[in-house]
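Input: a single structure, listed below in structure tokens.
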Amino acid sequence: MFEEVYGIASRVPPGHVVTYGQIAAFLGHPRAARTVGWALHSTPAALELPWHRVINSQGRISGPSAGRRAQEQRALLEDEGIAFDDSGRIDLEQYSWEIIP
DNA sequence: ACGGTGACGAGAT
DNA sequence: TATCTCGCCACCG
């Protein structure tokens, strides 16, 4: 399943995002969102995936918000033109990408 | 085989 | 809205 997660993540176009739940559901495991998150957490750096384009269903960056990873993720997304509101949320209606087979 | 471990999610307060 | 709680499940010792 990890492989499949990486496969999908690598296809998310710049300027767009998908949620952990979306990926899980697409793979036929609607309740394995956590596993998707774990998969990305342990992504081999060599893969160079656009992991930053994967966020949670609330349109927010998961994990320790003060951590360096969260900071980097937000920076990368902003560079792609994605806007964050005052409470650090992304507008999914505007930026979410519908996974295409 | 078995249980701890999360970058989750939906529902309740 | 912001929090809290509880259910979930593929991995890896």
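Here the structure is a predicted model, which is why all the values come from computation and not from measurement. Lettering of chains follows the sequences in order, A, B, ..., and the numbering in each one begins at 1.
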Worksheet item: With a 4.5 Å heavy-atom cut-off, do A:Phe26 and A:Val18 have their side chains touching?
Response: no
Fill in: Residue A:Arg69, side-chain atoms from C-beta onward, closest of C:dG7, B:dG9, B:dA7
B:dA7
Discussion item. If you only use heavy atoms from C-beta on, which nucleotide in B:dA7, B:dC8, C:dC11 is closest to the side chain of A:Trp51?
Written reply: B:dA7
Practice prompt. Give the rounded distance in Å between these two atoms: OH of A:Tyr6 and C1' of B:dA7.
Written response: 12 Å
Practice prompt. Using modelled atom types only, decide if a donor and an acceptor are shared between the side chain of A:Ser96 and the backbone of A:Glu93 within a distance under 3.5 Å.
Written response: no
Discussion item. Please tell me if A:Arg68 has a side-chain N or O lying less than 4.0 Å from either OP1 or OP2 of B:dA7.
Written reply: no
Worksheet item: If you look at every strand shown and take non-hydrogen atoms under 4.0 Å, does A:Arg60 touch a base, only sugar-phosphate, or nothing?
Response: nothing
Discussion item. My understanding is that only one of A:Arg53, A:Glu78, A:His52, A:Arg68 makes a side-chain contact (heavy atoms from CB on, under 4.5 Å) with A:Gln73; could you say which?
Written reply: A:His52
Worksheet item: With a 4.0 Å cut-off on heavy atoms, is A:Thr35 in touch with a base, just the backbone sugar-phosphate, or nothing at all?
Response: base
Worksheet entry | Spacing between A:Leu27 atom CG and C:dA10 atom C1', to the nearest angstrom | 12 Å
Item to complete: Could you check how far CD1 of A:Ile55 sits from P of B:dA7, rounded to whole Å?
Response: 16 Å
Discussion item. Taking A:Ala39's backbone N and O only, do any of them form a donor-acceptor pair with A:His41's side chain (distance below 3.5 Å, no angle check)?
Written reply: no
Worksheet item: Can you check the A:Arg31 CZ to C:dC11 P distance for me, whole Å?
Response: 17 Å
Practice prompt. For A:Tyr20 and B:dC8, give me the distance from atom OH to atom P, rounded to whole Å.
Written response: 6 Å
Worksheet item: Are A:Arg74 and A:Phe84 in a cation-pi contact, defined as NZ or CZ under 6.0 Å from the six-membered ring centre and within 45° of the axis?
Response: yes
Worksheet entry | Rounded interatomic separation in angstrom, taking CE from A:Met1 and C1' from B:dG6 | 13 Å
Discussion item. It should be established whether A:Ser57 places a side-chain nitrogen or oxygen under 4.0 Å from OP1 or OP2 of nucleotide B:dG9.
Written reply: yes
Response to the item:
Whole-Å distance, A:Trp38 CH2 to C:dC9 P, equals 15 Å
Worksheet item: Can you find a side chain N or O atom of A:His29 that sits less than 4.0 Å from OP1 or OP2 on C:dA10?
Response: yes
Worksheet item: Rounded to whole angstrom units, what separation is found between the CG atom of A:Asn56 and the P atom of B:dA10?
Response: 10 Å
